[in-house]
Structures are given as structure tokens and as C-alpha cells.
Amino acid sequence: QPRQTEKSESYCIVIPPPNVTGSLHIGHALNNTLQDILIRWKRMQGIQTLWIPGTDHAGIATQNVVERQLKEEGLSREDLGRQAFIERVWKWRQQSGDTIIGQLKQLGASCDWDRLRFTMDEGLSLAVRKVFVQLFDEGLIYRGERLINWCPRCLTALSDIEVEHEDIKGTLYYIRYNLAEDPEAFLTVATTRPETLLGDTAVAVHPEDPRYQHFIGKQIKLPLTTRTIPIIADPILVDREFGTGAVKITPAHDFNDFEAGERHGLKPLTILDFKARMDPLGLKHAMVNQALLNTLSLKAVQDARPIVIETLKEQDLLLKEEDHPMALGKCYRCKTVVEPYLSPQWFVKTGPLAIPAIEAVETGNIRIIPEGWKNNYLGWMRNIKDWCISRQIWWGHQIPAWYCRTCNKDYLLEPSSTGKGMSGDQGKTPSLTMSCFITSDAKPIVSKTDATVCPQCGGSDLFQDPDVLDTWFSSALWPFSTLGWPEQTQDFKTFYPNATLVTGLDILFFWVARMVMMGIKLTGQIPFRDVYIHALVRDAEGQKMSKSKGNVIDPLTKMSQYGTDALRFTMASMASPGRDMKLAEERIEGYRNFVTKIWNAARFIQLHTHGIKTSAPPESRPFPDQWILSRLNHAIREVTQALENYRFDQATSHLYQFIWHEYCDWYIELAKPSLQQDKHPDGAATRHTLLESFEIIQRLLHPVMPFITEEIWQSFPHEGQSIMTQRFPTERREWTNAQAEQDFSLLQAFVSTTRTGRALLNIPANQPLTIFGTTTNDDEAASLNNLQPYIESILRSTLTLAQTTDWPSDRILQLVAGNLTIGIPVEPDLELNQVVKKVKKQIESKHKECSRLQDRVASPSFREKAESAVIQESEDRVISLGAGTSLAHKQRTTTRHHVDLMSVKTIVAPPPPSHIRKIVQAALEEDIGLGDLTSNVLFSPGMSAQGQIVAKEAMVVAGLAVAQEVFRQIDGSLQLKFHQSDGAWVKANTQLLTITGNAQSLLQGE
RNA sequence: GGGCGAUUAGCUCAGUGGGAGAGCGCUGCCUUCACACGGCAGAGGUCACUGGUUCGAUCCCAGUAUCGCCCACCA
């Protein structure tokens, strides 16, 4: 199916509105950095963009914050009363909202700030009411008495997904339930919650369980009470394998039991109150033994358990206890253990809404990125349950439903007489502040405007449902309510559906799923085309950040420590597709350094160009300029592509790599000679390219680093224009220059290899010297000729190009990089043991690789089955490892050519006699580690030993000389043998040894 | 219980059916006129384990182990 039409002319993001519970945390920094990158990028592409900022009232969370504040003043929300309390929260909301908005601005978020919205502002509240009424009228919102998740601390209902499950080590208690007619006969029931047995209304067994067939239909005398309950058969609830195969049924305090109770017409018996305490009235109804009732009354449920257990023990009714792992539900806002609680609540019937929401994602109309989350979304959506949307709190959208006191007088309960677990605080809890007192039989008047008259009786004694809506109800409307919906505003027409939603995984169900359902239901369109899900930020140890753990990384602190751009760059660089990311502070520091680097480059360019471009581009550009422009094209392509794929990590990596390691390390260095010498012929052209490329870099970098790029932009003469209004760079075809890139690789290989040699020989970088160079490739030889002046300037050396490696000098360190051979003269008295060790290691690894390749190339099955290109490549590499032709291949696979091309081939030139003698003597005295220097690679197996071998398979290094074997002849004189290897290296066309002189004569000569 | 993901350098992480990568950290040299928050050059990895497919596996498949996440009403 075709995707819903792309709106290429507009690009809209709505911010996931931060909660007004405090200040910005690191997750916000990540989330908003990514959005800002996208928005700035699109805006610079000339697309009409809109980024709507805003904040969320965050019902329970915000109410909790303010209640905590009140508590410090010794007050409760009841002390203030609903109206005053809400006013107080509004004040806090103002303060917190301002803080957050200020912090977003500090982060550089380029939102359309005049569109700032709040989930409880007038427009959005109207949208909420309209939606509620519409869905109610369509039967998609209803009120009913159900068992719901209840937080006994927040004192409100929660939706299923607002409960977090935590694995705990529980205990399974085996309890004896005696039969009423015969106390000797009994059933054993296994339960993890023995205290709830007081509310049992039945015991269930499996209908086909032979053990219990004869019990079905009989009565149990419920322990600790004077009640009897029936034994029933239920194949759904009972798993014969588990426990004893007999299950107690407590409909008011367990979801399964509630359903079982409904199946069997069992009336729930509530024994816990709304604060999860043992409810006296409930216990009375449950006919709990009086003494126990007195003990348990108003005890917290967790304290009641040991009492119940103790009492059971006293009566010999507790048969067994065993460990039993189980999951405990906790409130996602305050981590209190939630209780199933039977109460009248409002629900959204989600089934019909889910169908198109599933289809939208299945067909790809809505794209979820990374795609892996798609199944998560679909799985949840396909098993969706009705959504409990009423909350017994004060802060939020009060439900637009009213009740007529006259018509509903039978359905409004007094706390003291409810028997609904409300008796605990009788007299203290003001009546009708909680909807629990309005039974599900009451008839609500649902209306967009405040109802004042009862349509039934015409009376005016109405009151509004005290509950408020789940925060996520208004959030679900955010993509269109912020655009003026339900009015068909110009904004709505232009920017809906939104382009991209950027959010964290943690609110996929809470928010994303609901937006899709509501969006499609109410607007007939998907709310957004792409959902980009980013990882969650964890600390360096991988722990979830939380205030209580003290491992919170405060983005604002980091911003002031390292700069906002560094933090933004860090966030983007870590946004690889994945589940979570660990934030190590060193990383921010590293990118701070990057910012500094850019800043210094700007200073350099300012210094040499004064920000003034020559009027026209130069007719011919110097070679380094050609190269950097070609590479710049490459960088533009890579960054753009990465952003298109939401690969912020790749985008930043390309920026970092290009700017630091190509532009600064190579281009600026190569530009220096023509800038620093007066009247250099390339001076004007270089200045032009330098400035032009740097400006493009600023624009390329701007979406990620808005601050430094703007500052640099302003420091150049741009007549006060903001870089924000500039265009994002696009490739310029005429700048791509394969030849220049290839030549530059040769230059880099040459320079890096030479530097390696310098480092090996300990020659200071600033010491001028003459170096030699040659290449076996004709094209490269020609290029090398042209590159000579650049190589000379960057190496501060004189370069002599030769036809062969027959260098016009006696003592040369010869290094090989691909086709390239570089010779560096060596001081006569330089000790080379360390050098040789390093060289040897490299030779060995090269040799290994070479023989592996040789085997492969020689293998018939490989030749037969592998692709011809692969065969060709392997053959090329065999040659290049020996004779060196791999440069072209290198260029295809990497942009860096410093180290990896280098191999050291050999050390040449006949050694001075004194060195030979020294080494031989040392060898005889066995005080130099010949063993350290042995090398199979260099050993020639064909050598016949004459006399005693002093050092077999030895590569003895004497200054510059390499000997393979040292013999003591029968007469006691010594003989050194040098020879050319005929091992694998020769096959690979590598001359390992070039010393063939008669060593003995050298030795004896002195 | 189900599903998903991870396991690659000391650390944090990219990556690919055919030569193992980056950043940070580490080692050595260098205060050279953009930058010591710097430059140059290095060291460092059985790509978790075991099988399989393949001419060839770090990559694909199966299994194992460890860790993590999500979902779930086995009392």
C-alpha cells in the first residue's frame, strides 16, 4: 500500500512535552538535541518547519511534587481544599514551566517559541472536552465498577501500564481449609497472600481433577471467620499442576479472582480500604472473628500478614511455607506497592481504536525507527485492554461529567456506610471528593460545557465528577490539539500529520500508541509519519539515572562545564540505534576539545583571510584545495545521508573525522606554506578555498553545534546575518575529484611512512633531512613528481625521487607502503636493536597474512567458487604485500592512510667491519639476546652447517648488518654467513636481505 | 512463563560473508608562528562459547552461557 502523501513542503515536530515537575534532565537533553538537529537541518534546507514547544501538566507526578512541598509546611491538600490546592499547583507549574522552557532555550532548542503550549491551557482543555464527549457519545468511553490498580499512597487509580512489576522473593503458604460438614476433611490451598483469605468467597478446583471431584459443591468453613464458602469448579482459573490444585478466590483483591467471581456470580468482599489497610467495616462484613478483627483493624496490609500467619499457626491451619518467586506491582510515580481495588472508574474502550492503529504501522504509513520496535508496538496494540482514564486526584482535566443529586440520590454513598473500603477515615475524608462514592449506577451528564440543569428532572442541584483524566489522555491529542484542532486552522492543514516524532522507548505505550489511536480516530489521519525512538541515557555503569541513586548527570551542569555544543555533540554521537546508552563524562570532554579545535581553526583562518573572500573563485586550485573540496563533498554526502536515516551517530562521526582529521590535520597544514610565504603563487587561491570550505563546514556543522557555528559566522563579515538562515550545504559536482583524492592518498602514505621512519630512528620532526622515494607504479611515479613540493614542505625535508631503491647513500632505512618505497638515511653510530625488533614484528605479521592469502589464492575450490572480483582482489593483495600495489584498494576502504599502509621491508647497505666484529664477539659471549632476535622468516633451511653453530636461525643485528648464522669453525675462527632468503618472501617478490658481502673477509680485515 | 536485545581494544561503543575500527585512556617523541583542550608516532583484540551452512564466518543458522530490557493474571 502506498504511504500517505509526504508533505515535502512542510516539516513539523511536536515536542514530547516535559513534565512540569522540576527541571530538565539528561534524557530531555538527548531528546531535544535530536529534534533540534532535525529541525535546524530541515529549516536550512528551505523547508517550512514548525517545532511546537510545550509542557505537560503531568497529573499525579506534579501533584505529588506540590503535596511534598505542602508537607514540609505541615499541610495537606485537604487542608487547603481543592480550589486553593489547584491554584497552588498552577503557581508551581508557572515556575517549573518557566524553568524548563529557559533550559530548553539554553540547550539551543530552536522551537517556535511563540507557539508555546501547555496541556491544560484553554485550547487544549477544549479539545479534551470535545474528545471526551464525542467518545462517550459513541460508546467508546464508559463508566463502570471494575477491579483496577490502585496506588494507596497517591490514592488514585492507575492504568495497567502505570504499574511497574518487580521480581521479589515471595512465599507460598499452604493453608488448611476445613470442610463445613466435616472438620476432619479439608482442602489445602496455596497462596502468596494469606491475609486476603479473609475476603475469600469461594475455593476453586479443576473440574476434571480426580483428587477434588467429590469436594465440588461442598462448603468450606473459611478459617479465621464464621463464614462458609463454596467449593466450585473452574477450568480457567485453576492449573492442576500448580500448588495443590486448589485456589482460593478473593474477587475484590485479585484480578484473576475477580474474573472468576464474575463467572460464578460471587459477590466481591472488600477487606482493604483505600489506603491498603484492613478495613474494619469490610472485616465485619467478611465475618472475621471478633478478636482478630480488633487486632487487624486499620493495620497496613503488610503488617496484617504476619498476624494472620501467626493466628493460622496457632490453629494448626498453616501446613507449609515455601519460597516462591513472584512479581510485585508498584506505582510508576511513587514506587508504592499497588493494590487491586474495586471501584467505579472511567474507561476508554480501546479495541475499536486499536484496529486502525495497528494497520497504520503494519502498512508502513507510520514508520517506526529503528524497526525493531515495531513488533513491540504491534504486540501491545493487539492485546490492548481498556484504558482506565479516571484519576482520583485534583490536578488535571476534571472529567466533563455531572451528576444530578436529585436523580442519583440512591447512588451517592456516605463514607461511613459504604462497605467499599472507605470506612477507615470516616469523618475525615470530605465526602464526594473521590468518585468512589458515586456508584457505577449513577447517571452522568456528559457535556462540553458545564452542566447546570438536569435534563431528567430539570433540577439544578448538580455537581461535577471529582475525578480528573489521566495525563496521557490530553497528551494523546498533542500532535493536533497544539495545531488548533478541532478548528481546521491553517496550521493544522499545513503541518498535520506531523513529520517526525522523536521520543524515548519508555513512553511508546503511554504516549505514542495513544496518539496513533486518538489521531486516527479524531482526525481521520495518522498523527505523524516517522516515529524515531532513541535510547535511554544511563550512567557510566549502565544504571538508570535517578535522584535516589545520586548518579544523575545534570545536563545544565555539563553545559556550563563543557559548553552546550559539546553536550549536544555527545548526545548525537551516542544516538546509535539501540536500547540504552551509557554516558561517560570523558566523552563530553572529548567533544569540548573538538569545539576548541574548531575555534582555533577559525582563528587561523581569520588570521590569514580576515574573512574576506576574493571576489571570484580561482581559475585553478592548488592540489590540496582540489583535494579538500572533493573530501568536503564526500562529507556533505555522508552527513546528509546519515541525517536522512536518523543516524545521528554517523553524522557526528563524519563531521568529527572530516573536520579534525582531514581539514585540520592535513588541509590546513598543507595550506600553510602558501599562506605564510609572502607572494606565494598559490596564496590568493588558497585563501579563497580556505575560507569558502570553512564556511561550508560551519553550515554543515550548524544543526549539531549551533552556538559555536553562529559565533564563528558572526566573527566573519556576514552583515549580521544569522547562520540559521543559511542553506545547508549540498554537493557540488565539479568539486569531486577522484584523481586528487588518489594522489592525496599517496601523499598521506608517503608522509606518514616517512614520519614512522623518523620516529623509529628518533629523528626530530623539525630536523631537515634528505629522503628518497620511489614507486613501482608508473601512474604513481608521475603523481609523486607533482607531489614533491608538498611532501617537502610538510616534512621539511628534501625529497629525492629515484627510479630504483638503489639509493645513492650507504646507510638507509627502507620502508615500504604499498607500491611506495621510502628511504631515510641513518646516522652511522645509531643503535638499531629496538628498530629491528619493531620491524621484525611487522614483517612477521605481513608474512602471516601473505601466506594466508597465498593459500587462499592457490585453493582450487576458492578459484572455482568465489566471485572473480574477490579472486582478483586477493591476488592483488598477495602481490602488494610483497611488491606493493595495494594502494588503490586501500583507498576504497578507508580514508586514513597513516599507519596501516606501512611495512618495513629491510635494512640495507654493507655493514662497517667494526660493527660485524662487535656483534660476533657479543654473540660468542652470549650476552646479547640472540634468542630475542631469531626469526624463522629469515632462516634459510638450505644452509649447510660447517662447524658448530653458535646461533642458529639467528638474525644478528649489528648496527645495520643482518647475519643469519654465526659459525665457529673447527680451528676456532668464526664465520658469519649472509645470504639471500629463498623462503616465502622471495616468492612474494620481497627482497629481505640485500647484504651479500663476504663477512668473513670483513671480520678478518680488521 | 513469553518476546526482544547485547556480548568486538583497558573503558564507552561503531561495523562488515573475503585485509579487525573510532573516541577516550595508555606508551614514546615534540612546547614548530591556529590549537598542549595540541601535534606526530606507537602498543593493545581467539570479535562470549559450541556446533552447523559456506571455497571462506566476527558477520548467516542452531544451541549454550552471562547480562539487560519489555510484556505476562499461574494462585
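Atoms considered below: every heavy atom in the structure, side chains included; atoms not considered: hydrogens, waters and symmetry mates. The structure displayed is predicted, hence computed values, not measured ones. So you know, we letter chains A, B, ... as the sequences are listed, proteins then strands, and number each from 1.
- A gap of 11 Å separates the P atoms of A62(B) and G5(B), to the nearest Å.
- Between Thr756(A) and G42(B) there is a side-chain polar atom (N or O) within less than 4.0 angstrom of OP1 or OP2.
- Rounded to whole angstrom, the span from the CD atom of Glu638(A) across to the C1' atom of A22(B) amounts to 15 Å.
- Taking only side-chain nitrogens and oxygens, Arg856(A) comes nearer than 4.0 Å to OP1 or OP2 of G19(B).
- The shortest heavy-atom contact between Phe242(A) and His324(A) is CZ-CE1, 3.5 Å.
- Taking for each of Met326(A) and Ser859(A) the nucleotide of RNA chain B with the nearest heavy atom, the 5'-most of the two is the partner of Ser859(A).
- Take the nearest nucleotide of RNA chain B for Asp257(A) and for Val163(A): the residue whose nucleotide is more 5' is Val163(A).
- Under a cut-off of 6.0 angstrom, the local environment of CD in Glu371(A) is sparse, with at most 12 non-hydrogen atoms contributed by other residues, nucleotides or ligands.
- Counting non-hydrogen atoms under 4.0 angstrom, Arg647(A) reaches the backbone sugars and phosphates but no base.
- With distances taken from any side-chain atom of Val238(A) to the nucleotides A75(B), C13(B), G18(B), the minimum falls on A75(B).
- Nucleotides A22(B) and G45(B), compared at atom C1', are 14 Å apart to the nearest Å.
- Within the 4.5 Å cutoff, side-chain heavy atoms of Trp373(A) are placed close to those of Leu505(A).
- Side chain of Ala759(A), nearest nucleotide from C55(B), A14(B), A41(B): A41(B).
- The distance from atom CZ of Arg587(A) to atom P of G23(B) is 11 Å, rounded to the nearest whole Å.
- Atom C1' of U27(B) sits at a distance of 11 Å from the matching atom of G44(B), rounded to the whole Å.
- Counting to the nearest Å, the C1' atom of G68(B) and the NZ atom of Lys582(A) are 9 Å from each other.
- Rounded to whole Å, the distance from OH on Tyr667(A) to P on G39(B) is 19 Å.
- Atom CD of Glu864(A) is separated from atom C1' of C55(B) by 9 Å (rounded to the nearest Å).
- Using modelled atom types, no side-chain atom of Asn762(A) and backbone atom of Arg758(A) make a donor-acceptor pair closer than 3.5 Å.
- Of the C1' atoms belonging to C55(B) and G17(B), the separation is 12 Å, rounded to the nearest Å.
- Comparing A72(B) with U66(B), their P atoms sit 26 Å apart, to the nearest whole Å.
- For the pair Lys672(A) and Phe604(A), the cation-pi test (distance below 6.0 Å, angle within 45°) is passed.
- Backbone-only engagement by Lys385(A) is indicated by non-hydrogen atom pairs under 4.0 Å involving sugar-phosphate atoms exclusively.
- Nucleic acid contact for Phe242(A): base, since at least one base atom lies under 4.0 Å from a heavy atom of the residue.
- Closest to the Arg755(A) side chain, of the nucleotides A41(B), C55(B), A75(B), is A41(B).
- Taking 4.0 Å as the cut-off between side-chain N and carboxylate O, Glu195(A) and Arg305(A) count as a salt-bridged pair.
- Here the side chain of Ser576(A) is nearest to one of A75(B), A14(B), G42(B), namely A14(B).
- The NZ atom of Lys374(A) sits 21 Å away from the P atom of C71(B) (whole-angstrom rounding).
- Contact check for Pro673(A) versus Ser793(A): side-chain heavy atoms found under the 4.5 Å cut-off.
- Of the candidate nucleotides C13(B), C74(B), C24(B), C24(B) has the atom lying nearest to any side-chain atom of Glu586(A).
- Of the candidate nucleotides G23(B), C74(B), C55(B), C74(B) has the atom nearest to the side chain of Asp239(A).
- When each of A75(B), C55(B), C40(B) is scored by its nearest atom to the side-chain atoms of Ala190(A), the top-ranked nucleotide is A75(B).
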Each nucleotide of nucleotides 31-38 of chain B classed B (base within 4.0 Å of a protein heavy atom), S (only sugar-phosphate) or -, in 5' to 3' order, makes ---BB-BS

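- Closest approach of Lys597(A) and Cys664(A) over heavy atoms only: CE-CB, 3.7 Å.
- In this structure, Tyr656(A) reaches the sugar-phosphate backbone alone: every heavy-atom distance under 4.0 Å involves primed, P, OP1 or OP2 atoms, never a base.
- The two residues Ala260(A) and Asp234(A) have their closest heavy-atom pair at CB-OD2, 4.1 Å.
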Base-pair string, RNA chain B, Watson-Crick plus G-U, cut-off 3.5 Å on both distances, | for inter-strand, is (((((((..((((....[..)))).(((((.......))))).....(((((..]....))))))))))))....

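- Among the heavy atoms of the strands, none lies under 4.0 Å from His165(A).
- Note on Leu508(A): nothing from the nucleic acid sits closer than 4.0 angstrom, heavy atoms only.
- Considering only side-chain atoms of His661(A), the nucleotide from G42(B), G23(B), C55(B) that sits closest is G23(B).
- Nucleotides U58(B) and U50(B) are separated by 11 Å at their P atoms, to the nearest Å.
- Between Asn375(A) atom CG and C71(B) atom P the separation is 15 Å, expressed in whole Å.
- Among the nucleotides A72(B), U12(B), G19(B), the one closest to the side chain of Ala327(A) is A72(B).
- A salt bridge does not link Arg240(A) to Asp209(A): none of the charged nitrogens lies less than 4.0 Å from a carboxylate oxygen.
- A gap of 50 Å separates the P atoms of C35(B) and C70(B), to the nearest Å.
- Here the side chain of Val870(A) is nearest to one of G18(B), C74(B), A41(B), namely G18(B).
- Residue contacts for Gly329(A): at a heavy-atom cut-off of 4.0 Å it reaches no nucleic acid atom on any strand shown.
- G3(B) atom P lies 14 Å from atom CG of Asn383(A), rounded to whole Å.
- In terms of phosphate contacts, Ser752(A) brings a side-chain nitrogen or oxygen within less than 4.0 Å of OP1 or OP2 of A41(B).
- Using a cutoff of 4.0 Å between basic side-chain nitrogens and carboxylate oxygens, Glu339(A) and Arg193(A) are scored as salt-bridged.
- At a cut-off of 3.5 Å, with distance as the only test, no side-chain donor of Thr609(A) or Arg687(A) sits close to an acceptor on the other residue.
- Checked against side chain to side chain contact (heavy atoms under 4.5 Å, CB included), Arg603(A) has the following partners two or more places apart in sequence or in another chain: Trp599(A), Asn600(A).
- Taking atom C1' in both G28(B) and G56(B), the straight-line distance is 39 Å, to the nearest Å.
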